[in-house]
Amino acid sequence: MRAAVAHRILLSLALFAVLCRCDPDLLFDYCVADTAAATAAGAFHLNGLACIDPALARADHFATSALSRATNPAATLYGFNATLTSPAASLPGANAQGLAMARIDLAPGGMAPLHSHPRASEAALVLSGSVLVGFADTSYRLYTQLLRAGEAFVFPRAMVHFLYNMDTAAPAVVLSGLNSQSPGAQLVPFSAFRTEPRLPDEVLKKAFKITGQDLPSSAVGASRRCCSPDWVMLDETAYISDRRNKSTAESQTSEGQIIQVSFWLVDPPGLSYFTVHCPGLEEDGLDCEPSVLAAEGSLVLFRVKLSPRPMRSGTYMSPCDYFVYRAAPWSPWLDLLPDPNVMSFNSEKFGLFPCRSGVSEHYNVAFLNIEWVPSDVACQFELYIFSSKNRKWDVKPVLQDLSRSENHKVALEHEIDKLINIGHDPLGLVDLWHGIILLEKMFDDYPVVRYMTFPKPVVYTTDAYGETVCGETAPECVWDVACCNGLIKFVDVEYCYTDETNGNGWKATTWNRLPSWKDWRKRFTVDKTDILVDPSYAAVLPELWDNNTKKMELKRLICSIPTLSMLDDDFLYMITKMNEEDKNAWIISVDMKHNTLQDVAPISAARFSILSSICHPCAISKYLKISWISAIAVGDANGYIYEGHFSGNVGTQAQSSAPFSYARRCWKNRG
């Protein structure tokens, strides 16, 4: 009797073990997913998908090209993208086979953050790059390994693990196999800070031993973090100050004077800035504040214009020095560019290219002259390229026929408003009124030139008096162009005059395009009057409250200078004021996808114009990795807020040692 009972118990346990397997064995050779049934209304929810008739199976059911396509990881929050095979979408023949495959694209310095797969073990094979991998077991022991191309690593089932691209200059690609067709993925940071609804703050503070100030603010959107921002909106014009921090780098001017530069960074839409100090120069040693000319990756190129010097001819000239700053978490440095003795070197349009191989500190700088040849169908460049590796300038003459371009007549009217890097090599010469001249293979012997028009023709919008709104002198108040890992982003703002919108109504439309595409792809259109504003912003902009509608609205704000995010998102930034004479100004960010105001940050209107660009988007914050570089605000006796950065005791207004103060009066303290 006892033996029979024991036999039944063992049989039950064995049956239970079989039934509890997450991916059960098949009764047939295969079970090709019936994708039509899976998407049909009222479909059953099964462990796996229903099968088609085996007689209808084809070879292409067992093949996929989903993992052959590279993605765009640099613009994501952590610098990684994962492409997973799915029986329902890309690989129906894998249905019920108990496996899945994934391609992980890691941007330079990017990582797949701490996460786990609750239903699968994972084997990761590095296809290219150098990737640090690791996992922690339930006794909190850490196992790590640096993998190179061709090397693999196993993550046990449900263990928290990560993948980190150690190379800050080149991307990495990893191929993973998982022993479940539905492995699941749970990111540790999102489990703590991105739940819906949000975890109670008291729980987070006690669990992570942090203060309320360290928590991401739900009132200002998900972009607020307690670590360094992925990109910043850098004030194009420097402040003169002897303040220093761990981002400070030092070099010498062409005349042998010491020069120091420091960066002070905050999340967008806050305005980051940089300070310059020349301890050996008199107060009038600089002709004007230094200015940013280009930024790419960890590099920033800026110009320092010295005070006028007498020439042999009896005239005076202001010599200019050009410096490249390289951000690094251990030791940032500052490099003086040699003068190529070319008049056009005083241009404000430069291209900046970090070297792609390894973690090299080398870089290239490019600037050019452009002229149209008499045939009126061709353009001629003199392309100057500086290599930090050999410390030399090279010049390349480039002649290219544009008669077969998208619109060669428009191309012949091209004027350069800005330069953008498009991926690792192409340089985009942007005319905000017309389009982009793409200079491809610029480091080869024979660079290629082609033209790309913008998605819409130029429309000169007018106000109620027939005056042109934002004329040709300021195209940046209507359009902007940015590039995110090869994807070109374009925004067009159409202004319209109405009393309801304080004379400044507008609609913004965003577009995307890869250089290989034949046309632009429209993203979103947002009308200013329809943008949703959270009531919490009343503490910053109480003027937005509408007594008639009993809600916050943007319609009274004057908005200009659209600026696109550097990430692969749909955020649009604009400078705003309540009226032309207002001494207060703000930068707002609008989530175009969800039609909402995402964030607001005050700036000083005394230094900036509503009709001219003031900031240069850049990503040096990713390479500094210093969370203590942040902005604070100090009030004075007149009720104003001074925005500054301090390393000592807080309580005194920022002092300046030169004519250009870096302390900025931002907005009235309203209580």
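Positions are given from 1 along the sequence.
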Given Leu532 and Leu597, is the side chain to side chain contact (heavy atoms under 4.5 Å, CB included) satisfied, shown in steps? CA-CA 6 Å; Leu532 303 176; Leu597 179 67; over 6 Å; no
List the steps, then state whether ring-ring contact (aromatic ring centres under 6.0 Å, His included) holds for Tyr573 with Trp231. CA-CA 13 Å; Tyr573 300 82; Trp231 72 287; 5.4 Å; yes
Test side-chain hydrogen bond (donor to acceptor under 3.5 Å, both in side chains) on Asn72 and Asn485; report intermediate values, then the result. CA-CA 6 Å; Asn72 177 27; Asn485 199 35; 2.8 Å; yes
Test side chain to side chain contact (heavy atoms under 4.5 Å, CB included) on Leu557 and Lys577; report intermediate values, then the result. CA-CA 6 Å; Leu557 278 181; Lys577 297 175 68 174; over 6 Å; no
Trace of the side chain to side chain contact (heavy atoms under 4.5 Å, CB included) decision for Val365 with Leu301: CA-CA 9 Å; Val365 178; Leu301 171 65; 4.2 Å; yes
Mind running side chain to side chain contact (heavy atoms under 4.5 Å, CB included) on Leu271 and Val266 for me, showing each step along the way? CA-CA 7 Å; Leu271 191 62; Val266 292; 5.9 Å; no
Stepwise salt bridge (charged side-chain N to carboxylate O under 4.0 Å, His left out) test for Lys528 and Asp530: CA-CA 6 Å; Lys528 172 186 175 182; Asp530 297 331; over 6 Å; no
Taking it one step at a time, do Trp264 and Ser272 satisfy side-chain hydrogen bond (donor to acceptor under 3.5 Å, both in side chains)? CA-CA 6 Å; Trp264 312 87; Ser272 301; over 6 Å; no
Let's go through Thr525 and Thr509 carefully: what are the C-alpha distance in whole Å and the side-chain angles of both, what is the deciding distance for side-chain hydrogen bond (donor to acceptor under 3.5 Å, both in side chains) to 0.1 Å, and is it a yes or a no? CA-CA 4 Å; Thr525 296; Thr509 303; 3.0 Å; yes
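Tested against Asp569 for a salt bridge (charged side-chain N to carboxylate O under 4.0 Å, His left out), the candidates Lys489, Lys593, Arg523 yield a single pass: Lys489. Partner of Val304 under the side-chain contact (heavy atoms from CB on, under 4.5 Å) criterion, out of Leu286, Thr253, Val261: Leu286 alone. The only member of Phe454, Tyr495, Trp433, Trp511 that meets ring pair (Phe, Tyr, Trp, His ring centres under 6.0 Å) when paired with Trp479 is Trp433.
Panel note: side chain Ser589, backbone Pro269; no donor-acceptor pair is recorded below 3.5 Å. A distance-only check finds a donor-acceptor pair linking the side chain of Thr576 to the backbone of Trp586 [under 3.5 Å]. At least one donor-acceptor pair under 3.5 Å links the side chain of Ser565 to the backbone N or O of Leu567. No donor-acceptor pair closer than 3.5 Å links the side chain of Asp105 to the backbone N or O of Gly79. In this structure a side-chain-to-backbone donor-acceptor pair under 3.5 Å is missing from Asp394 to Ile385. Put simply, the side chain of Asp480 never gets that close to the backbone of Val491: no donor and acceptor are under 3.5 Å apart. No donor-acceptor pair closer than 3.5 Å links the side chain of Lys622 to the backbone N or O of Gly109. Put simply, the side chain of Ser387 gets close to the backbone of Lys389: a donor and an acceptor are under 3.5 Å apart.
For the atom pair Arg556 CZ and Leu554 CG, the distance stands at 12.0 Å (nearest 0.5 Å). With rounding to the nearest 0.5 angstrom, the CG atom of Leu352 is 11.0 Å from the SG atom of Cys618. Interatomic distance, CD1 of Ile620 versus CG of Leu234, reported as 6.0 Å (0.5 Å rounding). Separation of atoms CG (Leu429) and CG (Asp417) is listed at 10.5 Å; rounding is to 0.5 Å. Atom-to-atom distance recorded for Ile575:CD1 and Ser560:OG is 7.0 Å, nearest 0.5 angstrom. Rounding to the nearest 0.5 Å gives a distance of 8.5 Å between CG of Asp599 and CG of Asp267.
Within the 4.5 Å cutoff, no side-chain heavy atoms of Thr596 are placed close to those of Ile531. At least one side-chain heavy atom of Ile436 sits less than 4.5 Å from a side-chain heavy atom of Ile488. Inter-residue side-chain proximity for Val430 and Leu419 is flagged as unmet; no heavy-atom pair is nearer than 4.5 Å. Counting only heavy atoms from C-beta outward, the side chains of Cys320 and Arg303 approach each other to under 4.5 Å. At a threshold of 4.5 Å between non-hydrogen side-chain atoms, the residues Cys615 and Thr563 count as touching.
With 3.5 Å as the limit, one finds a donor-acceptor pair spanning the side chains of Ser262 and Thr248.
Aromatic pair Trp393/Phe386: centroids less than 6.0 angstrom apart. Ring centroids of Tyr363 and Phe353 are separated by 6.0 Å or more, keeping the two rings apart. Less than 6.0 angstrom separates the ring centroid of Tyr322 from the ring centroid of Phe350.
A pairwise comparison of heavy atoms in Ser388 and Arg391 identifies O-CD, 3.3 Å as the closest pair. Across all their heavy atoms, Ser516 and Arg450 have their closest contact at N-NH2, 4.4 Å.
Under the 4.0 Å criterion applied to side-chain N and carboxylate O atoms, Asp321 and Lys305 are not assigned as salt-bridge partners. Ion pairing between a basic and an acidic side chain is recognised when a charged N comes within 4.0 Å of a carboxylate O; Lys522 and Asp492 show no such pairing.
Relative to the six-membered ring of Trp517, Arg521 meets both conditions, a distance below 6.0 Å and an angle of at most 45° to the axis.
Among residues two or more places apart in sequence or in another chain, the ring-ring contact (aromatic ring centres under 6.0 Å, His included) test is passed with Phe323 by Phe302. Applying the ring-ring contact (aromatic ring centres under 6.0 Å, His included) test to Phe80 and every residue at least two apart in sequence or in another chain returns nothing.
Within 6.0 Å of the NZ atom in Lys396, the count of heavy atoms belonging to other residues, nucleotides or ligands exceeds 12.
The aromatic rings of Tyr239 and Tyr273 sit perpendicular to each other, their planes meeting at more than 60°, with 30° as the lower class boundary.
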